[in-house]
2 protein chains.
Amino acid sequence: MSTHDHRKSRITLLDVARHANVSRATASLVIRKSPLVGAATREKVEQALKELGYVYNMGAASLRAERSNTIGVIVPTLGNPFYGELLSGIDNIVGEAEMVVILANSGEQFSRQSLLLQRMREHGVDGVIASLTAETQPDCIEQIADWGLPVVQVLRHVTGKLDYAGVDYAGGMQQAVDYLASLGHEDIAFAVHGPVHSAYRHRVDGFRGAMLERGLDPELIVRVPMTMPQIAQAAPLLFEQERQPTAAICFNDVIALGLAAGLYDCGRTVGHDFSLVGFDDVADAEATRPRLTSVSSTPVTVGQNAARLLLERIAEPHRAPQQIVSKTYLKIRQSCGPAKAFAI
Amino acid sequence: MSTHDHRKSRITLLDVARHANVSRATASLVIRKSPLVGAATREKVEQALKELGYVYNMGAASLRAERSNTIGVIVPTLGNPFYGELLSGIDNIVGEAEMVVILANSGEQFSRQSLLLQRMREHGVDGVIASLTAETQPDCIEQIADWGLPVVQVLRHVTGKLDYAGVDYAGGMQQAVDYLASLGHEDIAFAVHGPVHSAYRHRVDGFRGAMLERGLDPELIVRVPMTMPQIAQAAPLLFEQERQPTAAICFNDVIALGLAAGLYDCGRTVGHDFSLVGFDDVADAEATRPRLTSVSSTPVTVGQNAARLLLERIAEPHRAPQQIVSKTYLKIRQSCGPAKAFAI
DNA sequence: CTGAAAGCGCTTACAG
DNA sequence: CTGAAAGCGCTTACAG
């Protein structure tokens, strides 16, 4: 193959060293900003570096140093803007540490996730941040840690033996329920969808707990489809329950936005005839009318936490597993109003 | 540092070869699925691979083979869901090729973009897909190609000397203008924001061209802010122009969604009092009421095109620069209605 | 179809 | 503070 025949033959550290009249080891020290090398020598070498247009070969360095300055990130989807923000947060911190992220998308498929994990291992990543699929068993993921590959779980918690950065979903649910209750709502639905992972269970448990605490019926849980138009069409489901809810909390903003649209289609006025609380507080929560009240789950912060946890773990492989659970906060806008009796 | 002392000492190809009673070169051939090796030998080696739990060391292979099976992707932001979909498309194709993507976010900053490009080069990526910042000059990016690093431009076109995968923005504008004109609109605004790059200019030029073609005033271009709430607040700007528009085409759906909200706040009924066409057709276009009519720019497809172009370029470095410009299509929903005279 | 040798470009002890 | 040597784990010609 002539794949690389246009590639200029590489300038190596040895070339630089010769040009500067030092040994290769010295040049290496200069590059890595070691304090062991004298100012004059450093100067000479840096000059040579520039004159020759030297490019550091991370691959070669990795091979020797057994560290690639690369971390893997596995997300279950890139369709939800929430994950874009999470990635932003991760990218911030990883970039600051002069490392680089290898991104992959599992599509919520366990088998694909395994493949990606394997691929990342072959690429020699220094660690992995993953939002694991619902099917992931604790031993599966602990085994990866046994490979010597640090893993931090993000958003979805599978095992207590590994680091985790997530969101206090139960607390968020509590905030949503408290708020609706303060407006007089008693029949509150919880609209959910998607695979049943820890983030799902924590939300459901949080909802049930908060409702029970107030002596309210915690069983008004309705499952809706995945895509926007389907969710909108499913809005009438809310009223086919045994008890008629006057408000709904949504698993995420995708559902909230979809239901808001569907309720509109049914002739309901959100914030007046019916109250709606979203979850995540994505950018578009601000763009619908009425503006969507939503529990913010601060994805950028969660991403940053996960990245910090991973960097710390890499530096200190044997410390006890850490957890950082971010508080949510309720962003009150216009989609909720006081409860009132109304006829269908 | 004891960073890696928990790492099991690695099984190498040599270990495998010994275990299978063959030479290292033979084991290497088996791994790379070369047809040169006999079935019996292959069997033996594959057995050994499994028994020892061998993990391929891509880093070592890269060093020797001068190919990392890694490609770099630089996006200007991760906040817009549009880029999430673009990444999905890239990830598909790159993953199929058993390669991996290194992701970075330039934040629309040229200096950061330069840093990232350099970093990717040091990591030895086989090529880069980049949505370049507005300040990027042709020579800057051509120089990168001179490094021997294949680059494909995505969405934003800087130079004809390198591959490009994009969208027929001018065609999309034509579709939007034609559609609004067919509804009787004559005073059509174009709402824009953000940095002035090729994708920006092509849209503006497309708008102007399409308007002129019909003898309509092409100068109703209004700049709005970047964030959702600010855009909504800026909606009245539409009516502070010399001529009162009865419709607006938006640079992207973020603007369209923001303006739709702002128009609602002004007491206008979108699709009735005022017509709105978005651009990109993101998921939420389906979720607002009235549903947003939008020019779809098929981001997943564009991502796939860019990735294919890059893989081809890597295989064939000397072929002429290619361009793949995807057609847009108008997704008609509910946000446009017939033009009619109305008093403010 | 298989083997022995060299080398990709670094970093790491070890001397001095 | 600097240098000479070894080696990270693979692939690549080159023989046979």
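Order of the sequence lines sets the chain letters (A, B, ...), proteins ahead of strands, with each chain counted from 1.
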query = For the side chain of A:V22, counting heavy atoms from C-beta on, which of C:dG3, C:dG7, D:dG3 is nearest?
reply = D:dG3
inquiry  = Show, in sequence, the C-alpha distance, side-chain angles and deciding distance for B:D15 and B:R18, and conclude whether the side-chain contact (heavy atoms from CB on, under 4.5 Å) test is met.
reply    = CA-CA 5 Å; B:D15 298 323; B:R18 280 189 190 130; 4.2 Å; yes
request  = Tell me what A:V55 touches on the nucleic acid: a base, only sugar-phosphate, or nothing, going by heavy atoms under 4.0 Å.
outcome  = sugar-phosphate
ask   = To the nearest Å, how far apart are A:R24 CZ and D:dA6 P?
value = 12 Å
query = For D:dT2, does either OP1 or OP2 sit under 4.0 Å from a side-chain N or O belonging to A:T26?
reply = no
query = Starting at CZ of A:R64 and ending at P of D:dA5, how long is that distance when rounded to a whole Å?
reply = 16 Å
task = Measure the distance from CG on B:N57 to P on D:dT11 and round it to the nearest whole Å.
result = 9 Å
task = Check whether any side-chain N or O of B:S28 sits under 4.0 Å from OP1 or OP2 of D:dC10, and answer yes or no.
result = no
task = Determine: side-chain N/O of B:T12 to OP1/OP2 of D:dG9, distance under 4.0 Å, yes or no.
result = no
remark   = Between A:L29 and B:V37, whichever has its closest DNA chain C nucleotide further toward 5' is B:V37
task = Find the distance B:N21:CG to C:dA4:P and express it as a whole number of Å.
result = 12 Å
key: Salt-bridge present (B:R32, B:E98; N to O < 4.0 Å)   = no
key: Complement of D:dA13, any strand, by Watson-Crick or G-U distances under 3.5 angstrom   = none
message = So for atom CD, which belongs to A:E142, do other residues, nucleotides or ligands contribute more than 12 heavy atoms lying within a distance under 6.0 Å?
response = yes
message = When you measure from the side-chain N and O atoms of A:R67 to the phosphate of C:dC10, is any distance below 4.0 Å, counting only OP1 and OP2?
response = no
inquiry  = Quick check on A:Q109: does its CD atom have over 12 non-hydrogen neighbours (other residues, nucleotides or ligands) under 6.0 Å away?
reply    = yes
message = Without decimals, in angstroms, what is the distance between B:N69 CG and D:dC10 C1'?
response = 13 Å
note = Side-chain atoms of B:A25 come closest, of C:dG9, D:dT12, C:dT11, to D:dT12
ask   = What's the CD-C1' distance between A:E66 and D:dC10, to the nearest Å?
value = 14 Å
query = Taking for each residue the nucleotide of DNA chain C with the nearest heavy atom, is it B:L63 or B:L36 whose nucleotide lies nearer the 5' end?
reply = B:L36
Minimum-distance nucleotide to A:L13 side chain [options: D:dG9, D:dG3, C:dT11] = C:dT11
query = What integer distance in Å separates A:R18:CZ from D:dA4:P?
reply = 11 Å
inquiry  = Looking at C:dT2, I'd like to know if its phosphate oxygens (OP1 or OP2) sit under 4.0 Å from a side-chain N or O belonging to B:T41.
reply    = yes
key: Complementary nucleotide of C:dA4, counting Watson-Crick and G-U pairs under 3.5 Å   = none
message = Regarding A:S114 and A:S111, do their side chains bring together a donor and an acceptor under 3.5 Å, going by distance alone?
response = no
inquiry  = For a quick check under 3.5 Å, do B:Q304 and B:N92 share a side-chain donor-acceptor pair by atom type?
reply    = yes
query = Tell me: CD of B:E122 to P of C:dG9, nearest whole Å?
reply = 15 Å
